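The figures here come from the full heavy-atom set of this structure, side chains too, leaving out hydrogens, waters and symmetry mates. Just so we're clear, the structure is a prediction, and the values are computed from it rather than from any experiment. By convention in this document, chain letters (A, B, ...) are assigned in the order of the sequence lines, proteins followed by strands, and residues within each chain are numbered from 1.
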Amino acid sequence: MAVRNQEIADLFNRLADLLEVEDANPFRVRAYRNAARVIGSLSPSLSDLVADGEDLTHYPGIGDDLADKIRTIVTTGELPDLREVEHRVPAELSDLMHIKGLGPKRVKALYQELGIDSLDQLEAAARQGRIRQLEGFGAKTEQSLLEGIEYLRGGGERRTLLGEAEEVAERLKAHLEGVEGAKLLEVAGSYRRRKETVGDLDILVACADAKPIMDAFVGYDEVAEVASRGETRSTVYLRSGLQVDLRVVPRESYGAALHYFTGSQAHNVAVRQRGVSRGYKINEYGVFQGESRLAGTTEAEVYATVGLDWIPPELRENRGEIEAAVAGELPCLVEQSDLRGDLHCHTRATDGGQSPREMAEAARERGYDYLAITDHSRRVAMAHGLDADRLRAQMAEIDRLNDELSDITLLKGCEVDILEDGSLDLPDDALSELDLAVCSVHYQLDLPRSQQTERILKAMDNPYCSLLGHATGRQINEREPMDVDMERIIAGATERGVVLEVNAQPARLDLRDEHCRMARDYGARLAIATDAHNADNLGLIRFGVGQARRGWLRAEDVINTWDLAGLRRALER
DNA sequence: GCCGTTTTCGGCCCGACTGTTTTCAGTCG
């Protein structure tokens, strides 16, 4: 069984935790954490790369030593250094470090003074009032540790879908924008980078007087708890459990602060290092050379001081965007306004909520030129999937609607199930009458990797397969992706002229960002599509656009940015 | 442990807030 990248990242993070407790060189600890982060967001499987004898040291943060350790993990499943540290320090201390308010120093003190090396022991000691007797700990800390334990046991570290965070963020933003003097306001952090999930919300405000905005923030009616409140920074927990940080800065620092709080951390570190190498200090207040302030009002200014073009937030992950900016080769990313239509939606004929006419009118209101109706095929019985007869009846209805409707063209489509053997769920003669077929897997998502990969490749061999829908089948926080060789799928789609869908449903966002990037590098063609089940769902396209931008996609990579004639040509195989 | 416009050694991002202190360590982002 191949070791997954995340497992390797977890081993490095655990080692970093324990080394920190041992008070090891902090830069060595950081190196392990950096590597874990790089590995965690790496698209190709390290197991595959090692098997292919690839050089791992060209990934940032991976040097000769860590490349060796990765090879060892892949071949033996173990990290000997971690084993060794675990002889000296209990492995469970790593779990304690995940409690809010507990870092290496305190974990070490708890272990050395009270022998605590598990959540249960920590809880017992806190309930008995033994922790407050330690130097540097008090009754308040004891209480907050108990809360931290409860939070952790309740699965508190689970990240929030961007789609869910957006509703909360927009309401809160509207509330704060009503405050006098709050001129500039933005939700920064991973939210602004359009990451598929967010851990918390970071709101940045520029204004001269922080007090009114802080008052409005902690007094917001969805606030369940004020975790901290300061002059320029406050943290609250909303009733939904989401943590929100608010930061207030002076107007002249807004750009520097926006950059700082948008992150990612890895991106910021890289930008700051460029600053350091020029003798500048970059913080949330600006770019400084000694006492003099060089920049900070806008983000573009901050980037300019270190010789970079402004970088779109979606690219700020230190995945090559800085090198691209240096070379003046940042991609011109696809925008929502580039899209001319949607290629995946459902109607009442299966599990959608509206008629083809209603969907067409909603698409026309969005300014689209075309919309593909793609109801399920019969295998998806739960949704009352279409057989060939019902599909033909729907095609006739679409012909009638197209005669009648102006300014919008409905395309005859179907979301055809990819069966377990890789065949398609409708006969070729029916498929041949469609404008496009979105082919998707809905069942048997747990086949072995090679069989699953062959299944999808075979489906794409069918000349009527136009798009591959939600390629991995994942549902964020709910269902793991299928175990498939995405590089072979992407290469296979490119060779066959099959378009890869970027499914815009907030819980799917499938392809993920790294796969979009890989597809672009292969020269594949992609489509951003909502998989809408009602007219409102067409608006979900914004999440797909965000994901596509995170994957470095340009308008020319996305076929539904083309006009109808161009789209029809793109769908020919 | 990584990395190089400081280049194979010697650096490595930086400030705010809390709780426990009574000037600051620890943690967080």
Side-chain angles (χ1 to χ4, degrees), chain A residues 12 15-17 19-21 23-38 56-70 79 81 96-110 131-145 148 188-190 198-204 210 214 218 226-236 243-249 253 256-257 259-288 302 306-307 318 326:
Chain A
F12 284 158
L15 179 55
D17 287 343
L19 287 173
E20 263 195 306
V21 173
D23 210 16
N25 177 348
F27 299 109
R28 186 175 164 224
V29 173
R30 185 189 294 174
Y32 280 115
R33 294 208 193 280
N34 278 340
R37 198 175 51 230
V38 168
L56 304 178
T57 63
H58 73 264
Y59 291 107
I62 311 287
D64 290 336
D65 183 90
L66 286 179
D68 260 347
K69 289 188 165 78
I70 292 168
L79 176 57
D81 291 66
L96 296 185
M97 299 241 314
H98 289 102
I99 297 170
K100 198 170 268 304
L102 272 194
K105 298 283 164 43
R106 285 176 161 170
V107 165
K108 185 180 184 181
L110 289 166
I131 287 172
R132 68 181 73 180
Q133 291 159 14
L134 290 182
E135 193 179 329
F137 290 81
K140 271 198 158 175
T141 305
E142 206 170 60
Q143 185 55 38
S144 77
L145 288 181
S190 46
V198 301
D200 62 11
L201 292 176
D202 299 288
I203 301 182
L204 179 69
M214 283 297 177
V218 300
V226 179
S228 78
R229 158 147 200 183
E231 293 281 307
T232 65
R233 176 180 206 151
S234 295
T235 298
V236 302
Q243 177 185 329
V244 188
D245 295 337
L246 177 74
R247 186 66 190 259
V248 179
V249 296
S253 296
H259 178 255
Y260 183 91
F261 290 108
T262 297
S264 65
Q265 196 189 5
H267 173 88
N268 285 358
V269 167
V271 169
R272 276 168 187 233
Q273 278 168 347
R274 287 182 67 83
V276 168
S277 72
R278 286 166 168 72
Y280 305 155
K281 182 177 75 172
I282 302 178
N283 59 28
E284 60 263 57
Y285 297 110
V287 181
F288 299 88
V302 174
V306 291
N318 199 23
V326 169

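- With a cut-off of 3.5 Å on both pairing distances, B:dT8 has no Watson-Crick or G-U wobble partner at all.
- A:K108 has its NZ atom 14 Å from the C1' atom of B:dG26, to the nearest Å.
- Atom CZ in A:F288 sits roughly 12 Å away from atom C1' in B:dG15 (whole-Å rounding).
- The line from CD of A:Q265 to CZ of A:R37 is 5.5 Å long, rounded to the nearest 0.5 Å.
- If you check every strand for non-hydrogen atoms under 4.0 Å, A:N268 touches nothing.
- Place A:R30 and A:R278 on DNA chain B by their nearest nucleotides, and A:R278 ends up nearer the 5' end.
- Whole-Å rounding puts the A:R132 CZ to B:dT18 C1' distance at 17 Å.
- Closest to the side chain of A:Y285, out of B:dG15, B:dT20, B:dT6, is B:dG15.
- Side chains of A:L134 and A:R106 form no contact here, defined as non-hydrogen atoms less than 4.5 Å apart.
- Put simply, A:T141 has a side-chain N or O that comes within less than 4.0 Å of OP1 or OP2 on B:dT20.
- The existence of a salt bridge linking A:E20 and A:R33 is confirmed by a sub-4.0 Å separation between a basic side-chain nitrogen and an acidic carboxylate oxygen.
- Between the CZ atom of A:R28 and the P atom of B:dG1 there is a distance of 4 Å, given to the nearest Å.
- Annotation: B:dT6 and B:dG1 have their P atoms spaced 26 Å apart (nearest Å).
- Within the 3.5 Å criterion, the main-chain N or O of A:R132 finds a donor-acceptor partner in the side chain of A:E142.
- Straight-line distance from the CD atom of A:E135 to the P atom of B:dG19: 18 Å, rounded to whole Å.
- Between B:dC28 and B:dT20, the two P atoms lie 15 Å apart (nearest whole Å).
- For the P atom pair drawn from B:dC3 and B:dC13, the interatomic distance equals 13 Å after rounding to whole Å.
- By the 6.0 Å contact criterion, CG on A:D64 is open, its count of non-hydrogen atoms from other residues, nucleotides or ligands being 12 or less.
- With C1' as the reference atom, B:dA16 and B:dT8 are 38 Å apart, rounded to whole Å.
- The CG-C1' distance, from A:L66 to B:dG1, rounds to 6 Å in whole Å.
- Looking at heavy-atom distances under 4.0 Å, A:S234 makes no contact with the nucleic acid at all.
- The side-chain heavy atoms of A:L79 and A:K69, taken from C-beta on, include a pair separated by under 4.5 Å.
- In this structure, A:S277 reaches the bases: a heavy-atom distance under 4.0 Å links it to at least one base atom across the strands shown.
- Between A:M97 and A:P104, some side-chain heavy-atom pair lies under the 4.5 Å cut-off.
- When heavy atoms are screened at a 4.0 angstrom cut-off, A:A256 is found touching no nucleic acid atom at all.
- Distances shorter than 4.0 Å separate some side-chain N or O of A:N283 from OP1 or OP2 on B:dG15.
- A donor-acceptor contact shorter than 3.5 Å is absent between the side chain of A:T262 and the backbone of A:H259.
- Rounded to a whole angstrom, the distance from the C1' atom of B:dC17 to that of B:dC9 is 37 Å.
- If you check B:dG15, B:dG1, B:dC13 against the side chain of A:D65, the one that comes closest is B:dG1.
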Between protein and nucleotides 27-29 of chain B, what N or O pairs are separated by less than 3.5 Å?
| unit_1 | atom_1 | unit_2 | atom_2 | d |
| --- | --- | --- | --- | --- |
| B:dT27 | OP1 | A:G103 | N | 2.7 |
| B:dT27 | OP1 | A:G103 | O | 3.2 |
| B:dT27 | OP1 | A:R106 | N | 3.0 |
| B:dT27 | OP2 | A:K105 | N | 3.3 |
| B:dT27 | O5' | A:G103 | N | 3.4 |
| B:dC28 | OP1 | A:G101 | N | 2.6 |
| B:dG29 | OP1 | A:K100 | NZ | 3.2 |
| B:dG29 | N2 | A:Y260 | OH | 2.7 |

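- When the nearest nucleotides of DNA chain B are assigned to A:Q273 and A:R229 by heavy-atom distance, the more 5′-ward of the two goes with A:Q273.
- Residue A:R272 contributes atom CZ, which lies 20 Å from atom P of B:dC3 at whole-angstrom precision.
- A donor-acceptor distance shorter than 3.5 angstrom exists from the side chain of A:N268 to the backbone of A:Y260, with no hydrogens or angles considered.
- A:V271 comes within contact range of no nucleotide atom at all, as no heavy-atom separation falls under 4.0 Å.
- Taking atom CE of A:M214 as the reference point, atom P of B:dA16 lies 12 Å away to the nearest angstrom.
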